[in-house]
Amino acid sequence: MEDSKLARLFTGFLLPVLVASVGINYGQIANNLPSPEHVVPLVKAIGATRVKLYDADPKVLKAFANTGVEFIVGLGNEYLSKMTDPANAQAWVKANVQCYLPATKITSIAVGNEVLTFNDTSLSGCLLPAMQSVHTVLVNLKLDSQVTVTTAHSVAILQSSYPPSTGAFRQDLKGCISPILDFLSKTCSPFLINAYPFFAYKADPKQVSLDFVLFQPNAGIVDPGTKLHYDNMLFAQIDAVYAALSSLGYKKLPVQISETGWPSKGDEDEIGASPENAKKYNGNLLKLINQKKGTPARPNSDLNIFVFAMFNENMKPGPTSERNYGLFKPDGTPSYGLGFSGIAVSSGNSTSTGSGSSSSSSSSGTNGPSIYLSPPANSSSGYLAISSSTERFIWSTWAMLGMGFISMAAY
């Protein structure tokens with residue numbers, strides 16, 4: 001079915017007010033997703049203007065050509081060591097970025113995902129060199145003015161986050177983080193962080209305020225240092241990141257929330273994972289983004305947030321929640337009511353397993369280097385399970401701090 005016909009079927013089902021500058025994560029660890037051509041009208045229907053991939057899937061990048069949608073493409077952790085070689089970096093950029101420009105608006109490359117919290121020094125040691133190598137290629141190709149290079153971090157890089165004004169990075173990571181921040185600052189690239197208030201509620205549902213994590217009306221908390229009032233956890237976390245950046249001298253570095261969302265289904269012990277709560281979290285979040293106002297500490301800064309995720313992904317490992325963060329089911333219908341409607345599409349057209357851009361490039365006939373054709377056995381499969389034990393601990397600790405149940409902001 002042509003995109004124009006699909007788009008007409010959305011008439012009357014769009015959000016009452018289309019959200020402004022919302023981003024969406026388009027993961028593909030599934031074997032039943034619709035073709036990228038069918039995804040285009042879905043992305044437009046939710047008002048998304050930006051899409052974040054975990055690879056550089058050629059089918060997706062070609063499908064979105066001339067749509068005006070901006071893309072962050074990913075370069076998986078398994079390829080970082082190879083990217084330190086300028087020849088490999090050049091081959092990757094040419095095969096996965098340059099060839100799609102300018103028809104597809106690729107604006108950023110996310111090199112690696114949550115690398116610094118793996119406690120793998122060999123991997124973390126390759127991160128900045130890989131970023132620098134990729135950026136050098138962009139400079140040589142005269143693409144650096146339109147494509148930035150960055151990396152996404154877990155909230156586990158924070159040592160303290162409550163109150164938000166005391167936000168600070170882990171001491172053991174500062175040696176890695178500072179040079180990366182310097183690189184981002186010099187190249188005018190954003191700082192990306194993945195944030196999931198769901199984990200705070202899941203860890204301690206009896207003491208964490210559900211309204212506080214779902215952007216519902218509540219008494220909130222006051223930062224004793226700044227006297228600023230916070231009525232939701234996500235904004236407090238964002239300001240904690242800003243504080244951590246400021247403490248190292250990077251007050252002007254822009255922050256983007258590269259992942260946040262709420263699952264519509266979970267296991268018995270995953271309290272809070274439900275269609276109702278997912279609807280509240282994402283629905284309220286979209287309203288806040290549409291208001292074009294910032295956080296308490298940065299009221300004049302636009303929110304740059306990528307919702308996780310476009311689809312439920314049936315092949316993701318881990319608890320049930322991992323496979324149920326999608327706004328849409330694989331058949332293109334909504335996972336729950338957010339004021340818009342999907343369209344039934346034939347599934348099973350996409351065979352991607354999220355293994356990085358290697359398999360995607362090979363299937364399209366692009367001439368990427370052969371090192372991408374077979375990801376190593378310990379490949380992160382494109383992106384990580386979002387319920388890591390470390391991140392759950394961070395959220396739980398922050399939640400108790402924020403609700404006043406423990407008095408020290410330490411981790």
Side-chain angles (χ1 to χ4, degrees), residues 23 25 27 52-54 72-78 80 83 108-121 123-132 134-135 148-161 164 167-185 187 189-200 233-250 253-261 295 303-308 380 382-395 397-398 411:
N25 282 275
K52 178 169 161 283
L53 297 178
Y54 293 88
I72 295 178
V73 297
L75 203 166
N77 295 347
E78 60 269 30
L80 295 187
M83 288 302 103
S108 188
I109 301 171
V111 178
N113 190 46
E114 301 188 353
V115 172
L116 298 186
T117 46
F118 270 116
N119 296 319
D120 183 336
T121 55
L123 186 62
S124 59
C126 292
L127 179 57
L128 180 57
M131 294 170 68
Q132 293 170 327
V134 170
H135 176 70
T148 62
V149 177
T150 185
T151 186
H153 302 280
S154 162
V155 292
I157 63 173
L158 295 178
Q159 177 169 307
S160 62
S161 57
F169 295 113
R170 281 169 43 180
Q171 289 292 334
D172 62 313
L173 295 180
K174 284 187 177 180
C176 293
I177 291 176
S178 292
I180 290 174
L181 297 181
D182 188 57
F183 169 84
L184 296 177
S185 179
T187 59
S189 303
F191 183 84
L192 307 186
I193 193 110
N194 300 335
Y196 289 90
F198 166 68
F199 294 132
M233 181 178 288
L234 182 64
F235 280 19
Q237 282 293 321
I238 294 173
D239 280 351
V241 172
Y242 273 122
L245 292 171
S246 296
S247 69
L248 295 183
Y250 297 93
L253 197 62
V255 171
Q256 293 186 7
I257 302 303
S258 41
E259 291 181 20
T260 192
T295 63
L303 295 174
N304 289 293
I305 296 175
F306 288 80
V307 177
F308 189 90
S380 64
Y383 59 105
L384 306 178
I386 54 182
S387 58
S388 67
S389 58
T390 302
E391 187 161 327
R392 285 201 303 269
F393 177 78
I394 284 286
W395 280 117
T397 302
W398 189 92
Y411 160 57

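In this text, all values refer to a predicted model and were calculated from it rather than measured experimentally.
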Look only at the side chain of Ser161 and the backbone of Ala240, and say whether a donor-acceptor pair between them is shorter than 3.5 Å. no
Residues that [X] engages under side chain to side chain donor-acceptor pair (under 3.5 Å), provided they are two or more places apart:
X	result
Ser246	none
Ser258	Asn194
Ser124	none

Minimum heavy-atom distance [X]-[Y], with the two atoms named:
X	Y	answer
Asn113	Thr151	N-OG1, 4.4 Å
Gly167	Ser247	O-OG, 4.4 Å
Leu253	Ser189	CD1-O, 3.5 Å
Lys174	Phe169	CE-O, 3.6 Å
Pro179	Cys176	CD-O, 3.3 Å
Asn77	Leu123	O-CD1, 3.6 Å

From [X] atom [atom1] to [Y] atom [atom2], the distance as rounded to the nearest 0.5 Å:
X	Y	atom1	atom2	value
Thr148	His135	OG1	NE2	10.0 Å
Asp172	Ile177	CG	CD1	8.5 Å
Glu114	Leu192	CD	CG	11.0 Å

Side chains of [X] and [Y] in contact at under 4.5 Å (non-hydrogen atoms):
X	Y	answer
Thr295	Leu303	yes
Met83	Val111	no
Gln256	Ile72	yes
Arg170	Ile157	no
Leu173	Gln159	no
Leu80	Leu127	yes
Val155	Phe199	no
Thr187	Val149	no

Taken in chain and number order and not counting sequence neighbours, the residues that satisfy side chain to side chain contact (heavy atoms under 4.5 Å, CB included) with Ser178 are Leu248
Just to verify, what does Thr260 make a side chain to side chain contact (heavy atoms under 4.5 Å, CB included) with, not counting sequence neighbours? Pro197, Leu234, Ile257, Tyr281, Leu285, Ile305
Please enumerate all residues that pass salt bridge (charged side-chain N to carboxylate O under 4.0 Å, His left out) together with Asp120, with sequence neighbours excluded. none
What residues, two or more places apart in sequence or in another chain, satisfy ring-ring contact (aromatic ring centres under 6.0 Å, His included) together with Tyr250?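 Applying ring-ring contact (aromatic ring centres under 6.0 Å, His included) to Tyr250 gives none.
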Parallel, tilted or perpendicular: which fits the ring planes of His153 and Phe191, with parallel below 30° and perpendicular above 60°? parallel
